[in-house]
2 protein chains.
Amino acid sequence: MKILLIEDEPKVSAFIKKGLEEHTYEVDQAYDGFYGAKLALEKEYALVILDVILPRMNGVEVCKTIRQHNLTLPILMLTALGSTDDKILGLDSGADDYLVKPFEFQELLARIRALTRRSQESVGTEVLKMADLELDVQKKTVHRSGVPISLTAREFALLQYLLRNKERVVSRVDIIEQVWETSFDTGSNVIDVYINFLRKKIDRDFTPKLIHTLVGMGYVLKEMEEK
Amino acid sequence: MKILLIEDEPKVSAFIKKGLEEHTYEVDQAYDGFYGAKLALEKEYALVILDVILPRMNGVEVCKTIRQHNLTLPILMLTALGSTDDKILGLDSGADDYLVKPFEFQELLARIRALTRRSQESVGTEVLKMADLELDVQKKTVHRSGVPISLTAREFALLQYLLRNKERVVSRVDIIEQVWETSFDTGSNVIDVYINFLRKKIDRDFTPKLIHTLVGMGYVLKEMEEK
DNA sequence: CTTCAATCAGGAGGATTTTCATGTGGCGGT
DNA sequence: ACCGCCACATGAAAATCCTCCTGATTGAAG
């Protein structure tokens with residue numbers, strides 16, 4: 001699981017990185033807000049840990065920037081200040097949680113677990129849509145043009161991932177990592193097979209086709225007239 | 001009597017929890033609004049104590065969310081701010097009472113007593129329904145098509161949880177955490193066994209079947225024509 | 001001591017996931 | 001235009017995982 005750590009104090013940053021890595025997280029570091037924001041937008045992280053006081057761009061701005069690009073990734077803010085005002089400012093700018101320095105490392109771990117676990121849950125009903133295709137994350141149901149479609153667990157997970165990244169080409173590596181949760185490439189063609197399953201279920205009997213393959217690149221979910 | 005405490009400051013939360021437990025209340029904790037709302041909707045509490053400033057979802061939103069799902073459970077809001085505006089905002093959003101931090105613990109206890117007393121007077125007759133299945137939370141009775149069905153305590157708790165989450169797929173992890181109140185996975189199959197008990201009692205002799213299993217995902221309670 | 005609730009353990013059966021073998025088509029090179 | 005290659009598609013078999021059920025065991029209550 002990848003975490004982006006944006007913190008300018010080299011010692012603090014190194015300390016946190018080391019601790020997290022001992023708990024099997026992968027950590028990317030940024031030492032200023034600008035570079036941090038850049039990384040957050042370009043790569044895919046499970047979580048961002050963000051100091052408030054940073055060179056080039058402060059934590060609140062970084063937070064806003066990420067949210068403007070409506071990424072929903074969890075942001076955990078760190079600060080040396082503990083006043084209510086700062087807390088409000090942080091949460092208003094789009095942070096998901098807040099930790100006051102100095103903190104117990106155990107607490108940091110607990111909050112990370114909480115945030116990453118919760119990123120998959122939801123209180124209300126989360127429905128992902130694309131054209132006439134609808135997927136209800138809670139109910140685990142899928143409809144196309146109102147017709148209910150039943151998927152297996154993997155098929156559902158794959159479709160969900162494609163929907164979350166609709167209009168964007170996702171590579172096999174992305175899919176293996178996000179849907180199968182292994183980066184271990186076994187030279188197998190499971191993905192092809194599952195794409196095929198999905199096509200049968202959600203594209204075969206409908207138009208327009210939504211699943212498209214970009215040879216040598218991966219797959220996209222989008223509305224597109226076939227050539 | 002179960003109380004849900006939604007408060008992000010670990011120290012404050014721990015303090016309140018401890019105090020309440022000394023007065024024989026059972027306390028569940030949530031450290032952010034999102035998770036708090038989730039718990040409030042899924043489980044049954046006599047009261048919610050809710051901080052205004054929270055990660056992920058602030059107190060006012062949590063309040064609204066709970067009220068939208070027309071639960072009538074008493075909500076006691078906590079805040080560090082004391083201005084009239086905040087108070088109005090809180091009460092408008094559906095809170096039943098309001099306490100400004102810092103407060104005397106005695107006062108908190110008094111208000112809790114007041115709020116829970118009130119709710120007991122209003123003969124809470126909460127009945128969960130689904131198709132021809134009815135479950136009376138207070139009376140602990142279950143009927144299907146008018147036929148009384150007797151369940152054991154666990155069976156009842158499980159069915160109640162499924163009813164509160166009807167139409168939504170609940171995973172084994174959800175069930176273990178909410179009904180058995182352990183997150184400790186013992187690799188056992190208690191849940192399967194209990195689902196089986198419930199099926200025998202509420203589905204075996206009736207149509208349509210209400211309990212459905214989604215392989216690899218969990219169980220749902222819903223009306224559904226079998227494939 | 002008896003009874004009933006709650007949990008555990010193991011295997012059958014079925015559904016899902018994965019692999020394998022093979023077919024197809026587009027693209028670059030000639 | 002033709003050929004061969006590579007990437008992808010597809011069907012079916014194989015392997016694995018998951019669920020359900022039964023019966024035994026533990027534990028608590030009367």
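Chain A is the first sequence line, chain B the second, and so forth, proteins listed ahead of strands; every chain is numbered from 1.
- For B/Val215, whose side chain is taken as the heavy atoms from C-beta onward, the closest listed nucleotide among C/dC8, D/dC18, D/dA9 is D/dC18.
- B/Asn196 places its CG atom 10 Å from the C1' atom of D/dT19, with the value rounded to the nearest Å.
- A donor-acceptor pair shorter than 3.5 Å cannot be found between the side chains of A/Arg111 and B/Tyr31.
- In this structure, of C/dA15, D/dC8, D/dC20, it is D/dC20 that holds the atom nearest to the side chain of B/Tyr219.
- In this structure, the nucleotide among D/dC20, D/dA9, C/dT7 sitting nearest to the side chain of B/Tyr194 is C/dT7.
- Between C/dT17 and A/Thr152, a contact under 4.0 Å exists linking OP1 or OP2 to a side-chain N or O.
- Rounding to whole angstrom units, CZ of residue B/Arg204 and P of D/dC21 are separated by 7 Å.
- At whole-Å resolution of the value, CG in A/Leu198 and P in D/dT10 are 12 Å apart.
- The distance between atom CD1 of B/Ile195 and atom P of D/dT19, rounded to the nearest whole Å, is 11 Å.
- Remark: the A/Asp192 side chain and the C/dT19 base include no donor-acceptor N/O pair separated by less than 3.5 Å.
- Checking B/Phe197 against A/Leu214, the closest nucleotide of DNA chain D that is more toward the 5' end is the one next to A/Leu214.
- Atom CD of A/Glu181 and atom C1' of C/dT17 are 16 Å apart (whole Å).
- Residue whose closest nucleotide on DNA chain D sits further toward the 5' end, between B/Met217 and B/Val193: B/Met217.
- Considering only side-chain atoms of A/Val190, the nucleotide from D/dA9, C/dT18, C/dA6 that sits closest is C/dT18.
- Rounded to an integer number of Å, the gap from A/Ile176 CD1 to C/dT18 C1' is 11 Å.
- Residue B/Ile211 contributes atom CD1, which lies 15 Å from atom P of D/dT19 at whole-angstrom precision.
- The two residues A/Ile49 and A/Ile3 have their closest heavy-atom pair at CD1-CG2, 3.9 Å.
- Residue B/Arg172 places at least one side-chain N or O closer than 4.0 Å to OP1 or OP2 of D/dT19.
- Residue B/Phe156 is out of contact with every strand shown, counting any heavy-atom pair closer than 4.0 Å.
- Under 3.5 Å, the side chains of B/Glu44 and B/Gln160 contain a donor-acceptor pair of N or O atoms.
- The stretch residues 28-39 of chain A participates, sequence neighbours left out, in these salt bridge (charged side-chain N to carboxylate O under 4.0 Å, His left out) pairs: A/Asp28-A/Lys43, A/Asp32-A/Arg56, A/Lys38-A/Glu42.
- Remark: B/Ser188 is in phosphate contact with C/dC8, judged by side-chain N or O atoms under 4.0 Å from OP1 or OP2.
- For B/Trp180 and C/dT7, the shortest distance from a side-chain N or O to OP1 or OP2 is below 4.0 Å.
- A salt bridge does not link B/Arg144 with B/Asp205: every distance from a Lys NZ or Arg NE/NH1/NH2 to an Asp or Glu carboxylate oxygen is 4.0 Å or more.
- Which of C/dA9, D/dA7, C/dT17 sits closest to the side chain of A/Arg154 comes down to C/dT17.
- Remark: B/Arg168 does not engage A/Asp136 in a salt bridge, criterion side-chain N to carboxylate O under 4.0 Å.
- Rounded to whole angstrom, the span from the NZ atom of A/Lys200 across to the P atom of D/dA12 amounts to 8 Å.
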